[in-house]
Number of protein chains: 2
Amino acid sequence: MRLTTKGRFAVTAMLDLALHSSKGPVTLAGISARQRISLSYLEQLFGKLRRRSLVESVRGPGGGYNLAKEASLLTVAEIINAVEESIDSTQCGGKENCHDNHRCMTHDLWEELNATVHGFLSRVTLADLVEKQRTKPVSVVAPRARTRADGPTITV
Amino acid sequence: MRLTTKGRFAVTAMLDLALHSSKGPVTLAGISARQRISLSYLEQLFGKLRRRSLVESVRGPGGGYNLAKEASLLTVAEIINAVEESIDSTQCGGKENCHDNHRCMTHDLWEELNATVHGFLSRVTLADLVEKQRTKPVSVVAPRARTRADGPTITV
DNA sequence: CTATACTTGAGCAATCAGGTCGGGTTTCCC
DNA sequence: GGGAAACCCGACCTGATTGCTCAAGTATAG
């Protein structure tokens, strides 16, 4: 599980898609204009998202992209995994490269932390983000006040 | 909050340091040999860790590094933040670059996710990792069975 | 049949990961 | 005092990735 701007771009674009999906397919040109992401870069990202079946494409005029599943079934973890290459997490790759008594220390450790972060992000769905966005629509930089209505999923 | 192999190397090295700190300062050469991380790379990482006061150095023969605080007070989030440059998370940088009604959408979104991941990793301490390591010492690739004794902190 | 929109691939500048090299400086120890 | 053990530091290098452009497609509505 890597976490860079690339995944952020992808999640941002998917959120925009979810927010505009009510009126048929959403064009990359639209997302590009609204989110200020270059069209060509979006094309690359959505190529991956399509191959991983997170979105569906409609070609021709009036075409664009639709979510392949309901927003409530699409997780942030899925989106990030779709666009970011996986990471090996260990220099020995699980093999016998390191053979002393510290052999699998890093391996186990990172599998654990990986699983934890991934587990967390896989419980945040696009629908959660849409909801979040709608309840705090335009606004300025946002007061830090929180209510219990935020729900347990994405709050700390 | 970025999450790459760099941060992993740093956490791995700090864990090794914590595991061997009982017998005085730990040398980078030792960490390098045990964890198979290049000495020069470790020097770079520990330079940052020292400047952020996560470790203390002892120069001269018999020298090395010590933790600057107790392991129970050192969090994974601190370590990762020390070695990985921060990330801006948004193309408008909080400024008036984007001015339509989607102005702060990505900004708020990422601040939120950032805070969440960071919040999680800041509740995992080095002491937790040491404990984990001691209870499951050498072993092979580790069976996926889990018990409640794992505790709530770093399990999913 | 044309405009719209997705699809694919080559290529490119900048940055970063991960590491090498070559020098320092501080301090212990003989 | 002179090594040697260790940290310290900065330049530099290589390869991969990021983020992007350009150019050429293909499918389809009208």
Side-chain angles (χ1 to χ4, degrees), chain A residues 2-13 17 20 23-33 35-66 68 80 82-91 93 106, chain B residues 2-13 17 20 23-33 35-52 54-68 80 83-91 106:
Chain A
R2 209 197 236 142
L3 211 49
T4 67
T5 50
K6 192 174 198 170
R8 290 167 199 248
F9 274 121
V11 175
T12 301
L17 179 50
H20 294 87
K23 318 183 255 301
V26 180
T27 70
L28 292 191
I31 298 177
S32 171
Q35 303 304 328
R36 322 272 155 150
I37 305 173
S38 99
L39 180 57
S40 315
Y41 200 38
L42 280 177
E43 286 171 350
Q44 286 179 31
L45 296 179
F46 274 78
K48 293 187 180 186
L49 293 172
R50 187 179 54 85
R51 266 169 249 129
R52 304 290 191 102
S53 303
L54 299 189
V55 296
E56 284 165 351
S57 64
V58 180
R59 301 180 75 150
Y65 285 93
N66 290 309
I80 292 177
V83 298
E84 292 205 272
E85 337 295 291
S86 65
I87 208 169
D88 51 349
S89 312
T90 168
Q91 57 271 53
T106 69
Chain B
R2 208 198 238 141
L3 210 48
T4 68
T5 49
K6 194 174 198 171
R8 291 167 199 248
F9 275 120
V11 175
T12 299
L17 178 51
H20 294 87
K23 317 184 256 301
V26 180
T27 69
L28 292 192
I31 298 178
S32 172
Q35 304 303 328
R36 323 271 155 152
I37 304 173
S38 100
L39 180 57
S40 315
Y41 200 38
L42 280 177
E43 284 175 349
Q44 284 180 33
L45 297 180
F46 275 78
K48 293 188 180 184
L49 292 171
R50 188 179 52 86
R51 267 169 246 128
R52 304 289 192 100
L54 299 189
V55 297
E56 285 167 351
S57 64
V58 181
R59 302 181 74 152
Y65 284 95
N66 290 308
L67 296 180
I80 292 178
V83 298
E84 296 210 87
E85 336 293 290
S86 63
I87 209 170
D88 50 351
S89 312
T90 168
Q91 58 271 52
T106 69

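Side chains included, hydrogens not; waters and symmetry mates left out as well; all remaining heavy atoms used. Just so it is clear: chains get the letters A, B, ... in the order the sequence lines come, proteins before strands, and each one is counted from 1.
Scanning for side-chain contact (heavy atoms from CB on, under 4.5 Å) contacts around B:Ser38 gives B:Ser40, B:Tyr41, with sequence neighbours left out. Every side-chain contact (heavy atoms from CB on, under 4.5 Å) that B:Thr27 has, sequence neighbours left out, goes to B:Ala29.
Separating the CG atom of A:Leu49 from the C1' atom of C:dT7 is a distance of 14 Å, rounded to the nearest angstrom. The distance from atom CG of A:Asn66 to atom P of C:dA5 is 14 Å, rounded to the nearest whole Å. Separating the CG atom of A:Leu42 from the P atom of C:dT8 is a distance of 16 Å, rounded to the nearest angstrom.
Counting non-hydrogen atoms under 4.0 angstrom, B:Phe46 reaches nothing in the nucleic acid. Heavy atoms of B:Val26 sit under 4.0 angstrom from primed sugar atoms or phosphate atoms, though from no base atom. Residue B:Gly62 is in sugar-phosphate contact alone, with no base atom involved, counting any heavy-atom pair closer than 4.0 Å across all strands shown. Within the nucleic acid shown, A:Gly47 has no heavy atom closer than 4.0 Å to any nucleic acid atom.
Looking at B:Glu84, its side chain never comes within 3.5 Å of a backbone N or O of B:Lys6 through a donor-acceptor pair. Put simply, the side chain of B:Thr12 gets close to the backbone of B:Arg8: a donor and an acceptor are under 3.5 Å apart.
Checking the phosphate oxygens (OP1, OP2) of D:dC9, a side-chain nitrogen or oxygen of B:Arg50 falls inside 4.0 Å. Residue B:Ser57 places none of its side-chain N or O atoms closer than 4.0 Å to OP1 or OP2 of D:dA6.
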Please tabulate, for side-chain N and O atoms in residues 45-58 of chain A, each donor-acceptor pair with protein atoms closer than 3.5 Å (sequence neighbours left out).
residue: A:Lys48; atom: NZ; partner: A:Val83; partner atom: O; Å: 3.3
residue: A:Lys48; atom: NZ; partner: A:Glu85; partner atom: OE2; Å: 3.0

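Annotation: the span from B:Glu43 atom CD to B:Ile37 atom CD1 amounts to 13.0 Å, rounded to 0.5 Å.
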Encode nucleotides 12-25 of chain D as B, S and - characters from 5' to 3', where the letter depends on protein heavy atoms closer than 4.0 Å: B to the base, S only to sugar-phosphate, - to neither. ------SBBB---B

